[in-house]
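Below, chains carry the letters A, B, ... as their sequence lines are ordered, and counting in each starts from 1. The shown structure was predicted, so the numbers you read here are calculated from the model rather than taken from an experiment.
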There are 2 protein chains.
Amino acid sequence: MDTMRETDMPTGEELHPDLISSVHADMPAEEMLYDLAELFRIFADSTRIKILYVLFEAEMCVCDIAQVLGMTQSAISHQLRVLKQAKLVKFRRDGKTIYYSLADDHVRTIIGMGMEHLCE
Amino acid sequence: MDTMRETDMPTGEELHPDLISSVHADMPAEEMLYDLAELFRIFADSTRIKILYVLFEAEMCVCDIAQVLGMTQSAISHQLRVLKQAKLVKFRRDGKTIYYSLADDHVRTIIGMGMEHLCE
DNA sequence: CTTTCATTTGAACAACTGTTCATATGTTAT
DNA sequence: ATAACATATGAACAGTTGTTCAAATGAAAG
């Protein structure tokens, strides 16, 4: 509701008023952009990336993943929790052990995209 | 150089020894996975996502971006620095103002990929 | 040169994140 | 029951991150 002119203004804080309002109108909802950042945050840790990479090849139980990555079972379990909540991995129970696997192929695509960007 | 058998072992910490060694062999270099996580870390902040989204539409100067996002010029400048270092944006100077724009189309693809994952 | 404006930079602080350690849950076998 | 094992969870701690504030560049104009 501001009544500022589009030309000949004091230029206090904005240099290109019409560009600003045009761009602002085309922005996705605040919440969507927040969710997007939150999604990328999941991939923003090398332990989680490693876990996902491991699961590219086969479903695996927690202690095997820990073994492959040379990390504590507890640390892996904590990260699997994050991946689980983000719906990036799924799991099934077989007796005492729990097998984790990729939830869908989107994970592969997103990580592949990142890899492609790096290798250039 | 451990000489453990592949069958009939005490199962101290690993449940599936051959799977472990096979998967471990197929893993990309430690450093590569670290770099990959670092790349996603750039996208893992909603301010940076917003900046990139704004630059989808047009090149823009710092104060205009700040205006669109309703944030301090200083905050935007700090984040542009991060994006610049990651080679995700480039800039040109025109007198006093500096115009930022997307470095290449990879940014668009990666963010698009994330969006696609969210909208399902 | 001095002023003004766009931007950058550094220090400081609060908020967040990942790992560790100890402990709890849940399952199987004895 | 109890023991052994795979996994999960909570608290705590160090390390990292994003914003703010104040001050510093750097460029154009008077």
Side-chain angles (χ1 to χ4, degrees), chain A residues 9-17 19-20 33-34 37-52 59-86 89-101, chain B residues 9-17 19-20 33-34 37-52 59-86 89-101:
Chain A
M9 40 177 333
T11 305
E13 282 164 323
E14 48 189 35
L15 245 42
H16 310 92
L19 179 58
I20 289 178
L33 295 172
Y34 186 84
E38 204 175 40
L39 172 64
F40 284 122
R41 197 172 51 76
I42 309 289
F43 295 92
D45 174 75
S46 65
T47 299
R48 286 193 291 268
I49 288 276
K50 285 178 199 165
I51 293 178
L52 292 173
E59 70 171 9
M60 272 201 164
C61 66
V62 182
C63 73
D64 279 354
I65 299 176
Q67 187 74 13
V68 175
L69 304 190
M71 294 182 65
T72 308
Q73 193 190 61
S74 177
I76 300 300
S77 183
H78 276 295
Q79 297 302 352
L80 281 171
R81 187 173 197 262
V82 175
L83 293 170
K84 204 192 306 173
Q85 284 172 336
V89 301
K90 59 185 197 291
F91 62 98
R92 70 178 177 88
R93 166 159 242 145
D94 179 21
K96 277 177 286 188
T97 83
I98 297 182
Y99 292 92
Y100 282 86
S101 56
Chain B
M9 40 179 332
T11 304
E13 281 165 320
E14 47 188 35
L15 245 42
H16 309 93
L19 179 57
I20 289 178
L33 295 171
Y34 186 83
E38 204 175 40
L39 172 65
F40 285 122
R41 196 171 51 76
I42 309 289
F43 294 92
D45 174 74
S46 65
T47 299
R48 286 193 290 268
I49 288 275
K50 284 177 199 166
I51 293 178
L52 292 173
E59 69 171 8
M60 271 202 166
C61 66
V62 182
C63 71
D64 279 353
I65 300 175
Q67 186 74 14
V68 175
L69 304 189
M71 295 183 65
T72 306
Q73 194 191 57
S74 176
I76 300 300
S77 182
H78 276 296
Q79 297 302 351
L80 280 172
R81 187 174 197 263
V82 175
L83 293 170
K84 204 192 306 175
Q85 284 172 337
V89 301
K90 60 184 197 291
F91 62 99
R92 70 178 177 90
R93 168 159 240 147
D94 179 21
K96 277 178 286 188
T97 84
I98 298 182
Y99 292 92
Y100 282 86
S101 56

Chemist: Using only heavy-atom distances, decide whether a donor-acceptor pair under 3.5 angstrom links the side-chain of B:S74 to the base of C:dT9.
Modeler: yes

Chemist: Closer than 4.0 Å, any side-chain N/O of B:R81 to the OP1 or OP2 of C:dT9?
Modeler: yes

Chemist: Of A:G95 and A:R48, whose closest DNA chain C nucleotide lies nearer the 5' terminus?
Modeler: A:R48

Chemist: Output the single nucleotide from D:dA8, D:dA6, C:dT19 whose closest atom is nearest the side chain of A:M71.
Modeler: C:dT19

Chemist: Using a heavy-atom cut-off of 4.0 Å across all strands, would you classify B:S77 as base, sugar-phosphate, or nothing?
Modeler: base

Chemist: Is any side-chain N or O of A:H78 under 3.5 Å from a base N or O of C:dT20, one able to act as donor and the other as acceptor?
Modeler: yes

Chemist: Is there a side-chain contact between B:R93 and the phosphate of D:dG26, meaning an N or O under 4.0 Å from OP1 or OP2?
Modeler: no

Chemist: In this structure, how many angstroms lie between the C1' atom of C:dG18 and the CD1 atom of A:I51, rounded?
Modeler: 11 Å

Chemist: How would you label the contact of A:F91 with the nucleic acid (heavy atoms, under 4.0 Å): base, sugar-phosphate, or nothing?
Modeler: nothing

Chemist: Listed by chain and number, what are the side-chain hydrogen bond (donor to acceptor under 3.5 Å, both in side chains) partners of B:E38, not counting sequence neighbours?
Modeler: none

Chemist: Between A:E38 (CD) and D:dT17 (P), how many Å, whole number?
Modeler: 18 Å

Chemist: Counting only side-chain heavy atoms from C-beta out, which of D:dT19, C:dT20, D:dA6 sits nearest to B:T47?
Modeler: D:dT19

Chemist: A:F43 has an atom CZ; how far is it from atom P of C:dT17, in whole Å?
Modeler: 16 Å

Chemist: In this structure, how many angstroms lie between the P atom of C:dT17 and the CZ atom of B:F40, rounded?
Modeler: 18 Å

Chemist: Atom CG of A:D45 to atom C1' of C:dT17: distance rounded to whole Å?
Modeler: 9 Å

Chemist: Would you give the length of the straight line joining atom CZ of B:F43 to atom CG of B:L83, rounded to the nearest 0.5 angstrom?
Modeler: 8.5 Å

Chemist: Near A:Y99 OH, under 6.0 Å, is it more than 12 heavy atoms from other residues, nucleotides or ligands?
Modeler: yes

Chemist: Where each residue is assigned the nucleotide of DNA chain D containing its nearest heavy atom, which of A:V62 and B:D94 is assigned the position nearer the 5′ end?
Modeler: A:V62

Chemist: Step by step, work out the side chain to side chain contact (heavy atoms under 4.5 Å, CB included) result for B:I49 and A:F40.
Modeler: CA-CA 10 Å; B:I49 288 275; A:F40 284 122; 4.0 Å; yes

Chemist: Do the side-chain N or O atoms of B:T72 get closer than 4.0 angstrom to the phosphate oxygens (OP1, OP2) of D:dT19?
Modeler: no

Chemist: Given atom CD1 of A:I98 and atom C1' of C:dG26, what is their separation to the nearest angstrom?
Modeler: 9 Å

Chemist: Has the side chain of B:R48 got a donor or acceptor atom that lies under 3.5 Å from a matching backbone atom of B:R41?
Modeler: yes

Chemist: How close or far is atom P of C:dG18 from atom CZ of B:R41, stated in whole angstroms?
Modeler: 11 Å

Chemist: Distance check needed: C:dT19 P versus A:Q79 CD, whole Å only.
Modeler: 5 Å

Chemist: Between B:Y100 and A:V82, which has a closest nucleotide on DNA chain C that is more 5'?
Modeler: B:Y100

